[in-house]
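Heads up: the structure comes next, in structure tokens.
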Amino acid sequence: MIHKRSQDIAPNSDTVNSVNDLAKLANYSFMDTLNCDPDATPDGIDYAPRQVLSGHYVTVKPTPIENPEYVVHSTRLFGDLGFTDSLAQSADFINMFSGDMSNVPAPMSQLGWACGYALSIFGTEYVQQCPFKTGNGYGDGRAMSIFEGVFKGKRWEMQLKGGGRTPYCRGADGRAVLRSSVREFLAQEHMHALGVPTSRSLSLYVSKTETVLRPWYSEGSRSQDPDRMISEAVAISTRVASSFIRVGQLELFGRRARIQAHPQAMAELTQLVLHLIDREYADVIDPQLSLSDKVLLLALEFRKRLTSLVANWIRVGYCQGNFNSDNCAAGGFTLDYGPFGFCDVFSPQYQPWTGGGQHFAFLNQGVAAERNFLMFCTALSPLIATHPDELDQLQRLVNGFTTEMQTKMQQMWATKLGLITFNQPLFHELEALMIKTPVDYTLFFRELCALPANITPLKKCFYQPPSKAIEQQWTAWLTQWHSLLDCTEDVETVDSNTVASHNHAEITNHINSSPSRTREQISVQMKQVNPKYSLREWLLVPAYSQASEGNYSLVRELQAVMTQPYAEQTQEIEDKYYQLKAPEFFAIGGLSHLSCSS
Ligand SMILES: Nc1ncnc2c1ncn2[C@@H]1O[C@H](COP(=O)(O)OP(=O)(O)OP(=O)(O)O)[C@@H](O)[C@H]1O
Ligand SMILES: [Mg+2]
């Protein structure tokens with residue numbers, strides 16, 4: 001059953017050639033249907049940290065960056081939205097997306113909106129993280145949405161990151177630097193091309209004159225924490241998503257409802273949950289259902305999305321090093337590319353963010369997701385507090401998370417290995433061997449796609465020459481794997497370069513529905529789920545370093561390579577990007593680990 005709001009169905013084939021055209025598509029469901037903080041200032045100049053006690057958002061005027069310069073935009077998202085490509089470099093567009101909203105045409109709002117959220121880390125609630133020690137001053141400190149509209153029948157929200165202070169800034173400057181903005185921009189582009197749900201990149205502008213100081217590493221530093229302050233150009237990137245509602249946001253309203261913090265607390269939680277359903281789950285939750293049925297369906301659907309998301313992250317080697325509930329989008333997609341990394345060496349303990357801890361390490365992401373799901377359900381529970389049966393069902397959904405996560409992970413590993421069904425002993429042996437050898441995660445799985453008969457072609461994925469004993473174990477493992485692949489003789493060849501980006505679920509179904517496959521078919525299917533190129537930190541460093549000198553060619557080259565991660569691409573690209581991490585990059589601050597994402 002498909003349920004859509006009427007304004008979402010309205011066909012809209014208009015091309016957006018200007019900010020004036022964009023204004024015509026404005027449709028602010030978040031601002032129009034939810035509550036503004038009654039203490040918000042009419043002019044939006046609301047930059048000092050303060051407690052925001054009620055309301056779903058605060059209207060804020062973005063602070064433009066000085067002398068903005070175009071760095072990069074997403075031609076792909078521009079295409080999806082119907083934007084002409086030249087718009088990214090037009091004066092009005094640059095102004096708007098570098099934070100100057102003072103001249104945007106009606107009915108566009110000249111004010112953006114920032115949201116409060118609660119923090120919980122790995123399932124533990126925190127209230128002390130804001131200057132007031134109450135949790136009422138925590139939220140979008142430097143992110144603010146500035147536009148919501150319907151493009152080609154789909155509703156999108158646009159959010160500046162680094163657009164200046166908000167009441168949630170906690171005394172910080174509200175800015176993002178070019179380095180972190182390049183990382184987030186490229187990572188969103190890459191993730192989308194990998195077929196993993198994510199917020200999307202729209203545009204990135206840097207200031208030619210405005211800088212801020214940030215702690216960072218000296219070149220070659222092996223220290224965990226940055227050892228000096230550096231001056232960096234500020235930048236504003238715009239990200240786009242179906243909504244930016246976070247699990248932490250629901251938690252804030254859930255906590256307020258639970259303790260009846262103010263007379264409207266329960267109503268505000270209800271409104272936010274219904275709004276989330278409308279924005280993110282309208283296709284699966286019937287508006288005619290009772291609130292408690294909606295709540296249960298919402299939890300069920302979010303569980304499905306979150307478990308698939310994490311399985312996809314692991315498939316592509318992604319670790320969200322700070323998987324707090326405020327970095328967990330309630331729509332079930334990837335959000336906040338600060339403390340992230342795509343792994344080089346396979347390690348279950350891989351954790352790029354020094355502040356994150358092992359609970360957010362690579363293969364612990366499923367457990368971290370479970371904690372976020374628990375917090376999501378805890379936030380929903382006041383809505384069904386007087387319905388013991390429904391509370392029981394919600395608890396069962398929480399209890400069932402681990403099993404669903406495990407099932408998705410097993411399906412994912414089977415698919416990565418070209419198998420129809422997961423084989424536990426085979427996988428455990430592989431995991432142990434990948435750690436012992438050790439292997440490069442991306443290269444290894446990609447090389448496996450050629451179905452090598454022996455260990456020789458795999459050696460290029462190894463970070464050290466294998467001992468005789470390890471070689472023998474690999475040989476035994478490969479024999480076992482080949483016997484499980486169970487392929488027929490080749491009858492046809494398929495061009496693997498036709499492989500674009502895909503929906504992972506479709507791929508899994510396709511593999512599962514093919515009872516007997518040729519070697520070539522298995523190989524092609526494996527190449528659809530095992531990317532050839534991944535956005536490793538040592539590729540990002542030269543791109544943002546060069547960008548800091550005003551040269552954006554590497555940023556754009558990386559964008560081109562990383563938006564076709566499954567394609568073979570040219571020999572030149574392969575030589576440059578399909579490589580092991582160099583020995584000199586290990587243990588280096590900024591290359592192997594990072595301490596902050598700002
Ligand atoms: N320079 C800054 N000025 C104001 N607030 C900041 C700044 N840097 C981070 N924050 C705020 O601190 C909190 C934690 O930061 P975190 O690094 O998780 O998020 P972020 O990368 O800024 O944003 P997001 O989660 O929106 O992608 C967020 O609420 C964020 O808005
Ligand atoms: Mg964050």
Side-chain angles (χ1 to χ4, degrees), residues 46-50 52 57-58 60 62-63 65 99 112-121 126 128-131 135-146 157-185 187-188 191 198-202 204 207 210-216 229 232-241 243-249 251-252 320-331 333-341 352-356 360 368 372 594-598:
D46 196 358
Y47 304 145
R50 67 174 176 87
V52 180
Y57 63 91
V58 184
V60 196
T63 309
I65 54 172
W113 61 102
C115 296
Y117 34 83
L119 175 71
S120 63
I121 304 178
Y126 289 80
Q128 303 254 317
Q129 76 281 6
C130 80
N136 292 319
Y138 192 66
D140 292 325
R142 58 170 173 170
M144 63 182 80
S145 292
I146 57 159
E157 185 169 328
M158 301 186 171
Q159 185 168 84
L160 305 183
K161 189 157 167 181
R165 286 176 295 147
T166 77
Y168 303 109
C169 68
R170 296 180 288 147
D173 55 19
R175 288 304 191 205
V177 296
L178 181 61
R179 165 176 49 85
S180 64
S181 307
V182 165
R183 290 179 77 250
E184 178 154 283
F185 183 94
Q188 280 174 153
M191 199 62 115
T198 179
S199 52
R200 305 275 304 272
S201 295
L202 182 77
L204 169 56
S207 168
E210 187 183 338
T211 58
V212 289
L213 286 175
R214 289 284 189 264
W216 199 241
M229 297 298 283
E232 298 191 72
V234 299
I236 293 185
S237 58
T238 299
R239 57 187 176 192
V240 175
S243 82
F244 285 98
I245 302 168
R246 303 161 190 249
V247 171
Q249 206 165 332
E251 279 187 86
L252 177 65
Q320 160 55 284
N322 190 19
F323 200 21
N324 292 336
S325 62
D326 61 324
N327 287 333
C328 185
F333 52 85
T334 320
L335 182 70
D336 188 359
Y337 293 86
F340 77 92
W353 190 49
T354 55
F360 292 145
N372 287 338
L594 34 99
S595 68
C596 77
S597 55
S598 56

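It should be emphasised that the depicted structure is a prediction, and the values quoted were computed from it without experimental measurement. One-based numbering, in listed order, for ligands and for the atoms of each. One is the number of the first residue; the rest follow in order along the sequence.
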Just so I know, are the side chains of Phe360 and Asn324 near enough to count as touching, which here means a heavy-atom distance under 4.5 Å? yes
(Q) Testing the 3.5 Å rule here: is there a donor-acceptor pair between the side chains of Tyr57 and Ser145? (A) no
Next item on the list: Could you check Met191 against Tyr337 for side chain to side chain contact (heavy atoms under 4.5 Å, CB included), going step by step and ending with a plain yes or no?
Entry: CA-CA 10 Å; Met191 199 62 115; Tyr337 293 86; 3.3 Å; yes
- prompt: Do Ser325 and Tyr117 come close enough that some side-chain heavy atom pair is under 4.5 Å?
  reply: no
Looking only at heavy atoms of Tyr168, does any of them come nearer than 4.0 Å to an atom of ligand 1? no
- Query: How far apart are the C-alpha atoms of Arg175 and Thr63, what are their side-chain angles, what is the distance that settles it, and do they pass the side chain to side chain contact (heavy atoms under 4.5 Å, CB included) test?
  - Reply: CA-CA 9 Å; Arg175 288 304 191 205; Thr63 309; 3.7 Å; yes
Asp326 N/O to ligand 1 N/O under 3.5 Å:
no
Would you say Gly174 and ligand 1 have an N/O pair spaced under 3.5 Å apart?
yes
Quick one: does Gly338 get within less than 4.0 Å of ligand 1, heavy atoms only? no
Requested in this report: Assess Lys161 for proximity to ligand 1: is some non-hydrogen atom of it under 4.0 Å away?
Outcome: yes
Under 4.0 Å between heavy atoms, the region of Asn327 that gets near ligand 1 turns out to be side chain
Between Arg246 and ligand 1, does any nitrogen or oxygen pair lie at a separation below 3.5 Å? yes
Whether the Glu157 and Ser243 side chains hold a donor-acceptor pair (N or O, under 3.5 Å, no angle test) is what I'd like checked.
no
Within a distance under 2.8 Å of the Mg ion (ligand 2), the protein atoms of type N, O or S are Asn327 OD1, Asp336 OD2
| message | Could you check whether Asp336 pairs with Lys161 (Lys NZ or Arg NE/NH1/NH2 to Asp/Glu carboxylate O, under 4.0 Å)? | response | yes
Please confirm whether Gly141 comes within less than 3.5 Å of ligand 1 when only nitrogen or oxygen atoms on both sides are compared. yes
If you compare Arg142, Met144, Gln159 by their heavy atoms, the one closest to atom 10 (N) of ligand 1 turns out to be Arg142
Checking heavy atoms under 4.0 Å, the part of Arg175 that sits near ligand 1 is backbone
With heavy atoms and a 4.0 Å threshold, my read on which part of Tyr337 contacts ligand 1 is neither
Notebook entry, point to check: Hey, is ligand 1 close enough to Tyr138 that some N/O pair sits below 3.5 Å?
Noted result: no
**Report entry** Residues Val58, Tyr168; criterion side chain to side chain contact (heavy atoms under 4.5 Å, CB included); working and verdict
**Finding:** CA-CA 10 Å; Val58 184; Tyr168 303 109; 3.6 Å; yes
Check contact between Arg214 and ligand 1, using heavy atoms of the residue and a distance below 4.0 angstrom.
yes
Hits for side-chain contact (heavy atoms from CB on, under 4.5 Å) against Leu202, two or more places apart or cross-chain, chain-then-number order -> Leu77, Phe78, Leu81, Phe83, Phe93, Phe97, Met158, Thr238, Val240
